[in-house]
Amino acid sequence: MNEQVTVTEASPVKQPTLPDAQTVTEVTHYTDRLFSFRVTRPASLRFRSGEFVMLGLMGDNGRPLLRAYSIASPAWDETLGFYSIKVQDGPLTSKLQHIQPGDQVILRPKPVGTLVHDALLPGKRIWFFATGTGIAPFASLLREPETYEKFDEVILTHTCRDVAELKYGEELIALTKDDPLVGEDAQQKLRYYPTTTREESPKMGRITNLIKDGTLFKDLGIDDFSVENDRAMVCGSIGLNTDLKAIFEEYGLEEGANSEPGHYVVEKAFVG
(Lines give C-alpha, C1' and ligand atoms only; values in the text may rest on other atoms or scores of the structure.)
Protein backbone atom coordinates (compact mmCIF):
# COMPACT_ATOMS: atom_id res chain seq x y z
CA MET A 1 0.00 0.00 0.00
CA ASN A 2 1.67 3.21 -1.16
CA GLU A 3 -1.29 5.57 -0.95
CA GLN A 4 -1.07 7.91 2.00
CA VAL A 5 -4.11 7.86 4.28
CA THR A 6 -4.52 10.31 7.12
CA VAL A 7 -7.08 10.04 9.91
CA THR A 8 -7.69 12.81 12.41
CA GLU A 9 -9.73 12.87 15.58
CA ALA A 10 -12.52 15.27 16.38
CA SER A 11 -14.27 13.49 19.26
CA PRO A 12 -13.55 14.26 22.94
CA VAL A 13 -10.32 12.98 24.49
CA LYS A 14 -10.77 9.72 26.39
CA GLN A 15 -9.98 9.57 30.06
CA PRO A 16 -6.70 7.78 30.86
CA THR A 17 -7.00 4.09 31.73
CA LEU A 18 -3.38 3.06 31.16
CA PRO A 19 -0.34 4.03 33.24
CA ASP A 20 1.27 7.21 31.87
CA ALA A 21 -1.50 7.28 29.26
CA GLN A 22 -1.64 9.75 26.38
CA THR A 23 -4.35 9.96 23.74
CA VAL A 24 -3.71 9.46 20.03
CA THR A 25 -4.84 12.54 18.07
CA GLU A 26 -3.74 11.70 14.52
CA VAL A 27 -2.48 8.72 12.49
CA THR A 28 -0.95 8.75 9.00
CA HIS A 29 -0.07 5.61 7.04
CA TYR A 30 2.59 6.19 4.39
CA THR A 31 3.25 2.65 3.14
CA ASP A 32 2.60 -0.88 4.32
CA ARG A 33 5.80 -0.52 6.36
CA LEU A 34 5.68 3.04 7.70
CA PHE A 35 3.29 5.23 9.66
CA SER A 36 3.32 8.29 11.88
CA PHE A 37 1.11 9.35 14.75
CA ARG A 38 0.62 12.19 17.18
CA VAL A 39 -0.41 12.03 20.83
CA THR A 40 -1.28 14.50 23.55
CA ARG A 41 1.63 15.98 25.47
CA PRO A 42 1.84 15.66 29.25
CA ALA A 43 1.73 19.13 30.80
CA SER A 44 4.83 18.38 32.83
CA LEU A 45 6.95 16.98 29.96
CA ARG A 46 10.10 18.95 29.14
CA PHE A 47 12.56 17.66 26.56
CA ARG A 48 15.34 18.80 24.25
CA SER A 49 14.68 18.51 20.52
CA GLY A 50 16.29 15.26 19.33
CA GLU A 51 15.59 13.20 22.45
CA PHE A 52 13.52 10.01 22.72
CA VAL A 53 11.05 8.50 25.18
CA MET A 54 9.77 5.03 25.94
CA LEU A 55 6.39 4.48 24.34
CA GLY A 56 4.08 1.51 23.86
CA LEU A 57 0.99 -0.44 24.76
CA MET A 58 -0.10 -2.97 27.36
CA GLY A 59 1.11 -6.47 26.47
CA ASP A 60 -0.99 -9.61 26.46
CA ASN A 61 0.55 -10.49 29.83
CA GLY A 62 -0.81 -7.32 31.38
CA ARG A 63 2.59 -5.63 31.52
CA PRO A 64 3.65 -2.53 29.56
CA LEU A 65 5.32 -3.35 26.23
CA LEU A 66 7.64 -0.40 25.50
CA ARG A 67 10.34 0.62 23.06
CA ALA A 68 12.37 3.77 22.44
CA TYR A 69 10.81 6.29 20.05
CA SER A 70 12.39 9.58 19.03
CA ILE A 71 10.08 12.53 19.46
CA ALA A 72 9.54 13.80 15.93
CA SER A 73 8.21 17.18 16.99
CA PRO A 74 10.21 20.12 18.37
CA ALA A 75 10.42 20.94 22.05
CA TRP A 76 7.96 23.82 21.66
CA ASP A 77 5.17 21.80 20.01
CA GLU A 78 1.92 21.32 21.90
CA THR A 79 1.57 17.66 20.85
CA LEU A 80 4.10 14.87 20.34
CA GLY A 81 4.81 13.30 16.96
CA PHE A 82 6.35 9.88 16.26
CA TYR A 83 7.38 7.92 13.16
CA SER A 84 7.38 4.13 13.17
CA ILE A 85 7.95 1.02 11.14
CA LYS A 86 5.35 -1.75 10.98
CA VAL A 87 6.58 -5.24 11.81
CA GLN A 88 3.77 -7.72 11.30
CA ASP A 89 5.08 -10.15 13.92
CA GLY A 90 6.76 -7.50 16.09
CA PRO A 91 5.77 -7.64 19.77
CA LEU A 92 4.85 -3.94 19.82
CA THR A 93 4.48 -2.61 16.27
CA SER A 94 2.19 -5.46 15.21
CA LYS A 95 -0.30 -3.87 17.62
CA LEU A 96 0.77 -0.23 17.49
CA GLN A 97 0.22 0.02 13.73
CA HIS A 98 -3.52 -0.41 14.31
CA ILE A 99 -3.98 2.52 16.71
CA GLN A 100 -6.61 5.10 15.82
CA PRO A 101 -7.38 8.61 17.03
CA GLY A 102 -8.92 8.42 20.48
CA ASP A 103 -6.92 5.33 21.49
CA GLN A 104 -4.39 5.50 24.27
CA VAL A 105 -0.69 4.72 24.38
CA ILE A 106 1.76 4.53 27.26
CA LEU A 107 4.36 7.29 27.26
CA ARG A 108 7.03 7.34 29.95
CA PRO A 109 7.89 11.05 30.43
CA LYS A 110 11.65 10.63 30.91
CA PRO A 111 13.31 11.89 27.70
CA VAL A 112 16.96 11.03 26.99
CA GLY A 113 19.25 10.80 23.98
CA THR A 114 22.51 11.86 22.37
CA LEU A 115 21.15 13.71 19.32
CA VAL A 116 21.02 17.09 21.03
CA HIS A 117 22.82 20.36 20.43
CA ASP A 118 24.45 20.21 23.84
CA ALA A 119 26.57 17.28 22.65
CA LEU A 120 28.16 19.18 19.75
CA LEU A 121 30.84 21.85 19.57
CA PRO A 122 30.15 25.00 17.53
CA GLY A 123 30.66 24.71 13.77
CA LYS A 124 29.72 26.08 10.35
CA ARG A 125 27.53 23.21 9.06
CA ILE A 126 25.45 20.53 10.69
CA TRP A 127 24.67 17.28 8.91
CA PHE A 128 21.73 15.05 9.83
CA PHE A 129 22.36 11.55 8.43
CA ALA A 130 19.26 9.31 8.56
CA THR A 131 18.06 6.02 7.15
CA GLY A 132 14.43 4.91 7.30
CA THR A 133 12.63 5.97 10.47
CA GLY A 134 15.93 7.35 11.75
CA ILE A 135 14.73 10.65 10.33
CA ALA A 136 12.43 11.10 13.35
CA PRO A 137 14.79 12.97 15.71
CA PHE A 138 15.78 15.27 12.86
CA ALA A 139 12.11 16.08 12.28
CA SER A 140 12.34 17.58 15.75
CA LEU A 141 15.68 19.32 15.26
CA LEU A 142 14.79 20.82 11.87
CA ARG A 143 11.98 22.79 13.49
CA GLU A 144 14.11 23.83 16.46
CA PRO A 145 15.22 27.51 16.28
CA GLU A 146 18.52 26.70 17.99
CA THR A 147 19.55 24.64 14.94
CA TYR A 148 19.54 27.75 12.73
CA GLU A 149 21.00 29.98 15.40
CA LYS A 150 24.06 27.75 15.76
CA PHE A 151 24.76 26.81 12.14
CA ASP A 152 25.04 28.59 8.79
CA GLU A 153 24.01 25.50 6.84
CA VAL A 154 21.76 22.55 7.77
CA ILE A 155 21.87 19.42 5.59
CA LEU A 156 19.51 16.46 5.94
CA THR A 157 20.33 13.24 4.10
CA HIS A 158 17.66 10.54 4.10
CA THR A 159 18.27 7.12 2.59
CA CYS A 160 15.47 4.58 2.09
CA ARG A 161 14.91 1.50 -0.03
CA ASP A 162 11.98 2.81 -2.05
CA VAL A 163 10.72 6.19 -3.29
CA ALA A 164 7.47 5.96 -1.29
CA GLU A 165 9.50 5.73 1.91
CA LEU A 166 10.89 9.21 1.26
CA LYS A 167 7.43 10.79 1.49
CA TYR A 168 7.69 11.59 5.19
CA GLY A 169 10.95 13.46 4.62
CA GLU A 170 9.58 15.39 1.67
CA GLU A 171 6.61 16.52 3.72
CA LEU A 172 8.91 17.41 6.61
CA ILE A 173 11.04 19.69 4.45
CA ALA A 174 7.97 21.45 3.05
CA LEU A 175 6.49 21.84 6.55
CA THR A 176 9.77 23.20 7.94
CA LYS A 177 10.21 25.79 5.19
CA ASP A 178 6.65 26.95 5.79
CA ASP A 179 6.98 26.95 9.58
CA PRO A 180 6.09 30.33 11.14
CA LEU A 181 8.91 30.01 13.66
CA VAL A 182 11.86 28.70 11.59
CA GLY A 183 10.58 28.84 8.01
CA GLU A 184 12.52 31.94 6.94
CA ASP A 185 15.81 30.54 8.25
CA ALA A 186 15.07 27.11 6.77
CA GLN A 187 14.46 28.56 3.33
CA GLN A 188 17.94 30.07 3.44
CA LYS A 189 19.91 27.39 5.27
CA LEU A 190 18.21 23.99 4.92
CA ARG A 191 19.28 21.52 2.21
CA TYR A 192 17.71 18.10 1.59
CA TYR A 193 19.48 15.11 0.00
CA PRO A 194 17.22 12.03 -0.42
CA THR A 195 18.51 8.77 -1.88
CA THR A 196 17.15 5.29 -2.52
CA THR A 197 18.99 1.99 -2.48
CA ARG A 198 16.56 -0.30 -4.29
CA GLU A 199 13.93 1.50 -6.36
CA GLU A 200 15.13 3.83 -9.12
CA SER A 201 15.08 7.52 -8.19
CA PRO A 202 16.89 10.74 -9.15
CA LYS A 203 19.68 9.90 -6.71
CA MET A 204 20.54 6.31 -5.80
CA GLY A 205 23.08 4.76 -3.46
CA ARG A 206 23.99 4.29 0.16
CA ILE A 207 24.99 7.56 1.74
CA THR A 208 28.28 6.11 2.95
CA ASN A 209 29.28 5.21 -0.61
CA LEU A 210 28.20 8.63 -1.86
CA ILE A 211 30.48 10.21 0.74
CA LYS A 212 33.43 7.94 0.00
CA ASP A 213 33.36 8.52 -3.76
CA GLY A 214 32.81 12.25 -3.35
CA THR A 215 29.36 12.32 -4.99
CA LEU A 216 27.62 13.86 -1.98
CA PHE A 217 30.03 16.77 -1.69
CA LYS A 218 30.10 17.32 -5.46
CA ASP A 219 26.30 17.37 -5.67
CA LEU A 220 26.08 19.92 -2.84
CA GLY A 221 29.03 22.02 -3.99
CA ILE A 222 30.97 21.45 -0.77
CA ASP A 223 34.76 21.27 -0.93
CA ASP A 224 35.69 22.13 2.65
CA PHE A 225 34.32 19.29 4.80
CA SER A 226 36.58 19.38 7.84
CA VAL A 227 36.86 19.20 11.60
CA GLU A 228 36.78 23.00 11.70
CA ASN A 229 33.57 23.38 9.70
CA ASP A 230 31.39 20.33 10.10
CA ARG A 231 29.28 18.71 12.78
CA ALA A 232 27.11 15.62 12.33
CA MET A 233 24.32 13.59 13.91
CA VAL A 234 23.56 10.02 12.85
CA CYS A 235 20.45 7.89 13.35
CA GLY A 236 20.12 4.60 11.50
CA SER A 237 21.26 0.99 11.45
CA ILE A 238 24.28 -0.25 13.33
CA GLY A 239 26.03 -0.64 9.97
CA LEU A 240 25.41 3.00 9.10
CA ASN A 241 26.57 4.12 12.52
CA THR A 242 29.79 2.12 12.29
CA ASP A 243 30.60 3.16 8.72
CA LEU A 244 29.95 6.86 9.31
CA LYS A 245 31.98 6.88 12.51
CA ALA A 246 34.94 5.50 10.55
CA ILE A 247 34.48 8.13 7.83
CA PHE A 248 34.21 10.98 10.32
CA GLU A 249 37.31 9.88 12.16
CA GLU A 250 39.26 9.85 8.91
CA TYR A 251 38.50 13.56 8.74
CA GLY A 252 39.59 14.02 12.35
CA LEU A 253 36.12 14.40 13.84
CA GLU A 254 35.70 13.13 17.40
CA GLU A 255 32.53 11.67 18.91
CA GLY A 256 30.72 13.84 21.42
CA ALA A 257 28.35 13.29 24.31
CA ASN A 258 26.18 15.33 26.64
CA SER A 259 28.98 15.35 29.18
CA GLU A 260 31.75 16.13 26.66
CA PRO A 261 30.71 17.84 23.40
CA GLY A 262 32.43 16.76 20.21
CA HIS A 263 32.18 16.96 16.43
CA TYR A 264 29.58 14.23 15.85
CA VAL A 265 27.09 12.11 17.77
CA VAL A 266 25.38 8.79 17.05
CA GLU A 267 22.09 7.56 18.48
CA LYS A 268 22.61 3.99 19.70
CA ALA A 269 19.21 3.42 21.31
CA PHE A 270 17.56 1.98 18.19
CA VAL A 271 20.06 -0.64 17.03
CA GLY A 272 20.66 -4.16 18.22
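The analysis underlying the following values was restricted to heavy atoms, covering all of them including side chains, and did not include hydrogens, waters or symmetry mates.
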Hey, can you tell me if Phe35 and His29 have their rings parallel, tilted or perpendicular (30° and 60° cut-offs)?
parallel
Over 60° means perpendicular and under 30° means parallel, so classify the ring planes of Tyr83 and Tyr168, tilted if in between.
parallel
Any donor-acceptor N or O pair under 3.5 Å, side chains Thr40, Thr23:
no
Quick check: are there more than 12 heavy atoms from other residues, nucleotides or ligands sitting under 6.0 Å from NZ of Lys212?
yes
Which heavy atom of Asp213 sits nearest to which heavy atom of Leu210, and what is that distance?
OD1-O, 3.1 Å
Could you check whether atom NZ of Lys110 has more than 12 heavy atoms from other residues, nucleotides or ligands sitting under 6.0 Å from it?
no
Check whether Trp76 reaches the backbone of Arg143 with its side chain - one donor and one acceptor, N or O, closer than 3.5 Å.
yes
Are the side chains of Leu141 and Val154 in touch, meaning some heavy atoms are under 4.5 Å apart?
no
Is the count of non-hydrogen atoms from other residues, nucleotides or ligands lying under 6.0 Å from Glu199 atom CD greater than 12?
yes
Relative to each other, are the rings of Phe248 and Tyr264 parallel, tilted or perpendicular (30° and 60° limits)?
tilted
Applying side-chain contact (heavy atoms from CB on, under 4.5 Å), run through Leu142 and Ile173 and close with a yes or a no.
CA-CA 8 Å; Leu142 286 179; Ile173 295 299; 4.2 Å; yes
Counting only heavy atoms not in Asn61, do more than 12 fall under 6.0 Å of its CG?
yes
Heavy-atom donor-acceptor pair, Glu267 side chain to Thr114 backbone, under 3.5 Å:
yes
Taking all non-hydrogen atoms of both residues into account, name the closest pair between Cys235 and Leu115 and its distance.
CB-CD1, 3.8 Å
Closest heavy-atom pair, Ala21 versus Gln104, reported as atoms and distance to 0.1 Å, is CB-OE1, 3.9 Å
Quick check on Gln100: does its CD atom have over 12 non-hydrogen neighbours (other residues, nucleotides or ligands) under 6.0 Å away?
no
Can you check side-chain contact (heavy atoms from CB on, under 4.5 Å) on Leu55 and Phe37, steps first, answer last?
CA-CA 12 Å; Leu55 182 148; Phe37 57 98; 3.9 Å; yes
Working to the nearest 0.5 angstrom, can you tell me the gap between Ile126 CD1 and Lys189 NZ?
11.5 Å
Reported CE-to-CG distance for the pair Met58 and Leu66, which is rounded to 0.5 angstrom
9.0 Å
Side-chain donor or acceptor of Ser73 paired with backbone N/O of Gly81 under 3.5 Å
yes
Do Tyr148 and Leu181 share a hydrophobic cluster, counting only Ile, Leu, Val, Met, Phe, Trp and Tyr and linking them when any side-chain heavy atoms are less than 4.5 Å apart?
yes
Quick check for you: to the nearest 0.5 Å, what is the distance between Leu121 atom CG and Glu228 atom CD?
12.0 Å
Mind checking the OG1-CZ spacing from Thr147 to Phe128? Nearest 0.5 Å is all I need.
4.5 Å
Looking at Arg191, I want to see if its CZ is surrounded by more than 12 non-hydrogen atoms of other residues, nucleotides or ligands under 6.0 Å.
yes
Assess whether a salt bridge exists between Lys124 and Asp224, defined as any Lys/Arg side-chain N lying under 4.0 Å from an Asp/Glu carboxylate O.
yes
Could Asp243 and Arg206 be called an ion pair, given the rule that one side-chain N must be under 4.0 Å from one carboxylate O?
no
Which pair of heavy atoms, one from Phe129 and one from Phe138, lies closest together, and at what distance?
O-CE1, 3.4 Å
Step by step, would you call Ile135 with Leu156 a side-chain contact (heavy atoms from CB on, under 4.5 Å)?
CA-CA 9 Å; Ile135 194 174; Leu156 170 67; 4.0 Å; yes
Nearest non-hydrogen partners of Val39 and Thr79, listed with the distance:
O-CB, 3.4 Å
Worked check of salt bridge (charged side-chain N to carboxylate O under 4.0 Å, His left out) between Arg33 and Asp162
CA-CA 11 Å; Arg33 296 185 64 250; Asp162 304 319; over 6 Å; no
Can you tell me if Thr25 uses its side chain to pair, donor with acceptor, with the backbone of Arg38 under 3.5 Å?
yes
With clusters defined by side-chain heavy atoms of hydrophobic residues (ILVMFWY) lying less than 4.5 Å apart, directly or transitively, does Leu175 cluster with Tyr193?
no
Should we say atom CD of Glu254 is surrounded by more than 12 heavy atoms from elsewhere, each under 6.0 Å from it?
no
Return yes if some donor-acceptor pair links the side-chain N/O of Arg108 with the main-chain N/O of Val53 below 3.5 Å, else return no.
no
Using atom types as modelled and distance alone, determine if a side-chain donor or acceptor of His263 lies under 3.5 Å from a backbone N or O of Leu120.
no
So CD1 of Ile155 and CH2 of Trp127: to nearest 0.5 Å the spacing works out to 3.5 Å
If you define the side chain from C-beta out and look only at heavy atoms, does anything of Ile247 sit under 4.5 Å from Phe225?
no
Any donor-acceptor pair under 3.5 Å from Thr196 side chain to Arg198 backbone:
no
Path from Ile222 to Leu190 over hydrophobic side-chain contacts below 4.5 Å
no
Does any part of the side chain of Leu65, heavy atoms only, come nearer than 4.5 Å to the side chain of Leu57, both counted from C-beta?
no
When every non-hydrogen atom of Thr31 is compared with those of Lys86, the smallest separation belongs to O-NZ, 3.0 Å
Thr93 side chain vs Val87 backbone, donor-acceptor pair below 3.5 Å
yes
Do you reckon Leu220 sits in the same ILVMFWY cluster as Val234, going by side-chain contacts under 4.5 Å, direct or chained?
yes
Do Leu80 and Gln22 come close enough that some side-chain heavy atom pair is under 4.5 Å?
no
Are the side chain of Lys167 and the backbone of Tyr30 linked by a donor-acceptor contact shorter than 3.5 Å?
no
I'd like to know if the side chain of Thr133 reaches the main chain of Ile85, judged simply by a donor and an acceptor atom lying under 3.5 Å from each other, with no hydrogens or angles considered.
no
